[in-house]
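Structure first, then comments.
This is a predicted model, so every value here is computed, not measured.
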Amino acid sequence: MSHPTILLRAETKPLEHRSFAPSTIAALVKDGYPVEVERSSTKPEFRRIFEDSEYEAAGATLVPEGTWKSVGAQQKMILGLKEIPEEDFPLVNDHIAFSHCYKNQGGWQQVLGRFPRGGSTLYDLEFLVDEQGRRVSAFGYHAGFAGAALAVKTWAWQLAHPGEQLPGVENFTNGRGYYMNEDELVKQIQEDVAAGEKIAGRKPSALIMGALGRCGRGACDLFVKAGLPESNLVRWDINETKEKQGPYKEIVESDIFLNAIYLSDPIPPFVNNDTLSATGRKLSVICDVSCDTTNPHNPIPVYSINTTFDKPTVPVEIKNDANNVPISVISIDHLPSLLPREASEAFSEGLLPSLLDLKHKDSARVWTDAKKLFHEKVATLPAELQKKEV
């Protein structure tokens, strides 16, 4: 039994502060894994929520940021969260990360092709699943929680600042770009609800699509903690949509629409220009937590770009609109980073049993299934991207 060396790389996505928690690194070290951790960036927009000293105390060896790029072929397992930068050099070590290239997203061939070109394997975190096909760990709960918070904040902002888009997150997090903990976030959103209620004379209503999943439960919990009464929440899941297909007029009857489904097959749109332009629409905020922005079957085809923490919303252009109610879309694809410490700790804890099984990755079902899926996806690439470069 051999324990592979694990190298935890620094994240390079702007305003991404999550990483694998030091407690998980400590458990790996205790089990016998040699673990190296890249030092966190000195740039504030790339700094992770955990200090380098926390990893050192966990027993890891600190190495310079960017070390993973110079590691020899098949010497270490490269562990990270978000996708690596879109460069062109072949990847010669196996990677564990979210890569967003299995569902025909924009640029997926170039992203995925780097692995076979370098003779390595991608173990995509999104597709590590248990025997029932359920993900062994996910950020869904905190994605829904954070998305709902920004949706409420946007609703209140629109009332107080007509015609203006919500400013960057750093403007209401003391310049950090994230909240220190859940209590800090909830207290502020409660204040937003109260401010909006003074203007509108009521609290917002929300329809949550996919309310029974991890993400949907997180969204519902935030709405409740923010002070929305149950009568203001419309919780939809598969039972509410199996009898009829979208678009759904019920969506535009709420102030906020939060999409939390996992899109696996093509489906009719939930909303379109016709439903948004019809007389009587209340809807003013769409939070697309699922963020299938570049997916050709995106069920919310009324926007085309991902938003960011420094520009959280994008306006929807509606043709022949009969309403005087602008709509803003939130489509941030790393929402849990709004609560980076809690989200990281929860995700890391869920994934730890599988990480401890990396010493058996050639026989452990989670890892063999992920490798099989990787090869199935590689087989769909153009032939020239499937070949290992000599």
**Asked** Taking atom CG of Leu355 and atom CD1 of Ile6, what is their separation to the nearest 0.5 Å?
**Response** 6.5 Å

**Request:** Could you go through the side-chain hydrogen bond (donor to acceptor under 3.5 Å, both in side chains) check for Ser120 and Asn93 one step at a time?
**Result:** CA-CA 5 Å; Ser120 64; Asn93 285 283; over 6 Å; no

**Prompt:** Between Glu87 and Lys69, is a salt bridge (Lys or Arg N to Asp or Glu O under 4.0 Å) present by the stated rule, with each step listed?
**Reply:** CA-CA 11 Å; Glu87 301 179 66; Lys69 294 182 180 181; 3.0 Å; yes

**Message:** Using 30° and 60° as the class boundaries, would you call the ring planes of Tyr33 and His3 parallel, tilted or perpendicular?
**Reply:** perpendicular

**Asked** If you measure only the distance, is there a donor-acceptor pair under 3.5 Å linking the side chains of Asn323 and Asp321?
**Response** yes

**Asked** Is Asp333 salt-bridged to Lys13, going by a charged N under 4.0 Å from an acidic O?
**Response** yes

**Request:** Answer yes when Lys371 and Asp94 have at least one side-chain N-carboxylate O distance shorter than 4.0 Å, and no when they do not.
**Result:** no

**Message:** Under 3.5 Å, is there a donor on one side chain and an acceptor on the other for Glu38 and Thr67?
**Reply:** no

**Asked** Are side-chain heavy atoms of Val252 and Leu276 found at a separation under 4.5 Å?
**Response** yes

**Request:** Report yes or no: is the cationic atom of Lys153 (NZ for Lys, CZ for Arg) closer than 6.0 Å to the six-membered ring centre of Phe172, at no more than 45° off its axis?
**Result:** yes

**Message:** Does Asp255 form a salt bridge (Lys or Arg N to Asp or Glu O under 4.0 Å) with Arg281? I'd like the steps, not just the answer.
**Reply:** CA-CA 9 Å; Asp255 296 295; Arg281 168 177 54 83; over 6 Å; no

**Approximate separation, where rounding is to 0.5 Å, of Arg39 CZ and Leu62 CG** = 4.5 Å

**Request:** Verify the distance criterion only: is there a donor paired with an acceptor across the side chains of His100 and Gln105 at less than 3.5 Å?
**Result:** no

**Request:** With side chain to side chain contact (heavy atoms under 4.5 Å, CB included) as the test, would you mind laying out the steps for Phe374 and Tyr123 before giving the verdict?
**Result:** CA-CA 7 Å; Phe374 165 75; Tyr123 296 95; over 6 Å; no

**Prompt:** Can you name the closest pair of heavy atoms from Asn259 and Pro299 and give their distance?
**Reply:** ND2-CG, 4.4 Å

**Residues forming a ring pair (Phe, Tyr, Trp, His ring centres under 6.0 Å) with His142, sequence neighbours excluded** = none

**Message:** Evaluate Leu358 against Ile96 for side chain to side chain contact (heavy atoms under 4.5 Å, CB included), listing each step before the verdict.
**Reply:** CA-CA 11 Å; Leu358 276 171; Ile96 303 171; 3.9 Å; yes

**Message:** Under a 3.5 Å threshold, yes or no: a donor from one side chain and an acceptor from the other, between Glu83 and Ser99?
**Reply:** no

**Request:** Please list, chain by chain and in numerical order, all residues satisfying salt bridge (Lys or Arg N to Asp or Glu O under 4.0 Å) with Lys377, sequence neighbours excluded.
**Result:** none

**Prompt:** Any side-chain donor-acceptor pair under 3.5 Å between Glu349 and Thr24?
**Reply:** no

**Request:** Taking atom types as modelled, find out whether Thr61 and Glu36 have a side-chain donor-acceptor pair closer than 3.5 angstrom.
**Result:** no

**Request:** Could you tell me the separation between the CG atom of Leu373 and the CD atom of Glu126, rounded to the nearest 0.5 Å?
**Result:** 10.0 Å

**Asked** Going by atom types alone, do Tyr179 and Gln188 pair a side-chain donor with an acceptor below 3.5 Å?
**Response** yes

**Request:** Measure centre to centre between the rings of Tyr102 and Phe127, then say whether the value is under 6.0 Å.
**Result:** yes

**Item:** Near-ring test His95/Trp68, centroid separation under 6.0 angstrom
**Value:** yes

**Ionic contact status for Glu250 with Lys244, cut-off 4.0 Å** = yes

**Prompt:** Is the distance between the ring centroids of Phe309 and His334 under 6.0 Å?
**Reply:** yes

**Asked** Taking atom CZ of Phe257 and atom OG of Ser205, what is their separation to the nearest 0.5 Å?
**Response** 13.0 Å

**Request:** State whether a side-chain donor-acceptor pair under 3.5 Å links Ser40 with Glu65.
**Result:** no

**Asked** Any idea which heavy atoms bring Asp357 and Ala364 closest together, and the distance?
**Response** OD2-CB, 3.6 Å

**Message:** Under a 4.0 Å threshold between the charged nitrogen and the carboxylate oxygen, would Asp130 count as salt-bridged to Arg134?
**Reply:** no

**Message:** Between Glu16 and Arg18, does any NZ, NE, NH1 or NH2 come within less than 4.0 Å of an OD or OE carboxylate oxygen?
**Reply:** yes

**Asked** Do you know which two heavy atoms are closest between Ala149 and Leu222, and how far apart they sit?
**Response** N-CD1, 3.4 Å

**Asked** Do Asp292 and Asn298 get their side chains close enough for a donor-acceptor pair, meaning under 3.5 Å?
**Response** no

**Request:** Tell me, with the steps shown, if Leu8 and Tyr55 meet side chain to side chain contact (heavy atoms under 4.5 Å, CB included).
**Result:** CA-CA 10 Å; Leu8 177 63; Tyr55 291 103; 3.8 Å; yes

**Prompt:** Is Glu389 salt-bridged to Arg117, going by a charged N under 4.0 Å from an acidic O?
**Reply:** yes

**Prompt:** Within 45° of the ring axis of Tyr178 and under 6.0 Å from its six-membered ring centre, is that where the NZ or CZ of Arg176 lies?
**Reply:** yes

**Request:** Decide yes or no on side-chain hydrogen bond (donor to acceptor under 3.5 Å, both in side chains) for Ser23 and Glu345, but give the supporting numbers first.
**Result:** CA-CA 8 Å; Ser23 57; Glu345 289 173 343; 5.9 Å; no

**Request:** Answer yes or no: is there a side-chain heavy-atom contact under 4.5 Å between Phe270 and Ile261?
**Result:** yes

**Request:** Return the orientation label for the Tyr248 and Trp236 ring planes: parallel under 30°, perpendicular over 60°, tilted otherwise.
**Result:** perpendicular

**Message:** Could you measure the distance from the SG atom of Cys287 to the CD1 atom of Ile332? Nearest 0.5 Å is fine.
**Reply:** 7.5 Å

